[in-house]
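Worth saying up front: this structure is predicted, and the values here are computed from it rather than measured.
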Amino acid sequence: MKDWRVYCRTAFNALRANAELWSDPDYFRPITRIYYDLVFCSGYNHTGLISEAALNDSNERTNDHCLSPQFIARMIMDNPDLYLSDYTVFENLFNLARTTVCVTKSENKQLSLLTDNDGVDYKVYVPTNKKYGHLGIKLYEKVGQQWKNAVEYDGNVGDLAPQDLLNYEEQFLVK
């Protein structure tokens with residue numbers, strides 16, 4: 001099993017090395033993709049949550065990064081004094097960015113349409129903590145080792161989003 005912390009340390013070093021370029025919008029997408037790719041390759045931090053549709057169709061399952069790693073990278077780069085000066089803070093955020101919910105491929109596509117990123121401008125149509133509810137995605141929680149024992153989840157997956165992410169994303173919300 002791979003150690004996600006190796007990917008995290010690499011992301012930390014890469015973002016710090018590119019911090020001086022962040023003022024140039026041409027670098028926004030390449031820098032945020034570095035972070036996204038390292039989060040993606042580091043493995044999943046599974047929540048044990050699955051959508052009702054994915055529960056009923058095992059052939060269509062995929063993992064959704066419920067906290068949008070590429071957007072988190074933008075938050076990090078816009079706030080380097082906070083996130084790139086303390087490795088422990090960065091590591092905690094990186095691990096959160098790895099958080100996934102099992103959904104169908106169709107749901108994953110619908111979730112991806114709730115943001116728009118052309119590399120420079122970023123738009124958020126539904127806040128991170130409300131996107132599953134907005135799409136009517138009903139979630140279940142795994143009990144034991146198999147999905148067949150899953151029970152309806154009475155929490156909000158949006159509670160996984162740190163408050164600083166929700167505060168930061170407000171400036172990108174399309175009203």
Side-chain angles (χ1 to χ4, degrees), residues 1-8 11 32-33 35-76 79 82-83 88-117 122-175:
M1 184 176 210
K2 62 179 135 188
D3 183 354
W4 65 267
R5 288 177 181 87
V6 171
Y7 292 83
C8 180
T32 59
R33 289 302 298 181
Y35 184 83
Y36 173 82
D37 289 342
L38 287 165
V39 167
F40 188 84
C41 292
S42 71
Y44 301 126
N45 181 8
H46 297 287
T47 58
L49 299 176
I50 188 170
S51 72
E52 183 174 41
L55 189 59
N56 295 323
D57 189 352
S58 62
N59 293 324
E60 285 297 308
R61 291 178 186 163
T62 191
N63 287 295
D64 175 58
H65 283 98
C66 53
L67 299 180
S68 303
Q70 198 165 349
F71 185 70
I72 288 175
R74 187 175 186 124
M75 180 179 78
I76 291 167
N79 299 283
L82 180 59
Y83 300 108
T88 302
V89 169
F90 183 90
E91 182 180 78
N92 290 334
L93 191 56
F94 186 92
N95 195 34
L96 273 176
R98 299 173 57 244
T99 304
T100 61
V101 172
C102 186
V103 297
T104 64
K105 293 172 187 171
S106 172
E107 288 170 328
N108 188 254
K109 178 63 177 168
Q110 290 175 322
L111 287 159
S112 76
L113 296 175
L114 298 179
T115 58
D116 186 27
N117 179 11
Y122 202 95
K123 295 176 184 165
V124 176
Y125 300 109
V126 176
T128 296
N129 61 332
K130 297 180 179 175
K131 62 186 185 177
Y132 289 88
H134 174 79
L135 293 176
I137 296 174
K138 190 174 183 179
L139 295 173
Y140 287 78
E141 188 170 16
K142 186 187 271 187
V143 176
Q145 297 297 314
Q146 298 180 357
W147 287 119
K148 71 179 182 177
N149 300 320
V151 297
E152 190 170 337
Y153 180 62
D154 61 358
N156 178 2
V157 73
D159 292 342
L160 299 170
Q163 190 60 49
D164 52 344
L165 175 65
L166 298 175
N167 293 344
Y168 175 75
E169 112 182 321
E170 284 180 13
Q171 66 189 301
F172 299 94
L173 281 173
V174 175
K175 310 262 188 227

Practice item. Using the salt bridge (Lys or Arg N to Asp or Glu O under 4.0 Å) rule, collect all pairs that involve residues 131-142, keeping only residues at least two apart or in two chains. Key: K138-E152
Review point. Distance from K105 atom NZ to D57 atom CG, nearest 0.5 Å?
Key: 9.0 Å
Practice item. Compare every heavy atom of C66 with every heavy atom of V157, then report the nearest pair and how far apart it is. Key: CG2-SG, 4.4 Å
Review point. Do the side chains of C102 and W147 get nearer than 4.5 Å, heavy atoms only?
Key: yes
Practice item. Check L67 against I72 and note the closest heavy-atom contact, atom names and distance. Key: O-CD1, 3.3 Å
**Study point:** Contact check, side chains of E60 and S106, non-hydrogen atoms, under 4.5 Å
**Key:** no
Point to revise | Distance-minimising heavy-atom pair for P69 and V39 | key: CG-CG1, 3.8 Å
Review point. Is it true that atom CG of D154 has more than 12 heavy atoms of other residues, nucleotides or ligands lying nearer than 6.0 Å?
Key: no
Review point. Should Y125 and H134 count as side-chain neighbours, where that means a heavy-atom distance under 4.5 Å?
Key: no
Study note, to complete from the structure: To the nearest 0.5 Å, atom CD of E107 lies from atom CD1 of I137 at 4.5 Å
**Study point:** Residue pair R61 / L55: nearest heavy atoms and the distance that separates them
**Key:** NH2-O, 3.3 Å
Review point. At what distance, to the nearest 0.5 angstrom, does CD of Q70 lie from CG of D37?
Key: 8.5 Å
Point to revise | Close side-chain approach of V101 and S51, heavy atoms under 4.5 Å | key: no
Revision key, fill the gap. Value for OH (Y140) from CG (N56), rounded to nearest 0.5 Å, stands at 7.5 Å
**Study point:** Full working for side chain to side chain contact (heavy atoms under 4.5 Å, CB included) between N156 and Y132
**Key:** CA-CA 9 Å; N156 178 2; Y132 289 88; over 6 Å; no
Exercise for review: Answer whether the closest heavy-atom distance between the side chains of F172 and R74 falls below 4.5 Å.
Suggested key: yes
Review point. Is V126 close to L135 at the side-chain level, that is, under 4.5 Å between some pair of heavy atoms?
Key: no
Check your understanding: Considering residues, nucleotides and ligands other than Q171, do more than 12 of their heavy atoms fall under 6.0 Å from its CD?
Key -> yes
Review point. Taking all non-hydrogen atoms of both residues, which atom of N45 and which atom of N95 are closest, and how far apart?
Key: ND2-O, 3.3 Å
Practice item. With sequence neighbours excluded, tell me which residues meet ring-ring contact (aromatic ring centres under 6.0 Å, His included) with Y44. Key: H46, H65
Check your understanding: Do you know the tightest heavy-atom contact between W4 and S42?
Key -> CB-O, 3.5 Å
Review point. Of N63, L49, T62, which is the lone residue that meets side-chain contact (heavy atoms from CB on, under 4.5 Å) with V103?
Key: T62
Point to revise | K2 atom NZ, neighbour heavy-atom count above 12 within 6.0 Å | key: yes
Practice item. To the nearest 0.5 angstrom, please state how far the OG1 atom of T128 sits from the CG atom of L165. Key: 5.0 Å
Practice item. State whether a side-chain donor-acceptor pair under 3.5 Å links N79 with Y168. Key: no
Review point. How about Y83 and V89: do any of their side-chain heavy atoms sit closer than 4.5 Å?
Key: yes
Revision key, fill the gap. So CD1 of I50 and CG of D64: to nearest 0.5 Å the spacing works out to 12.5 Å
Exercise for review: Could you tell me which residues satisfy ring-ring contact (aromatic ring centres under 6.0 Å, His included) with Y122, sequence neighbours excluded, listed by chain and number?
Suggested key: F71
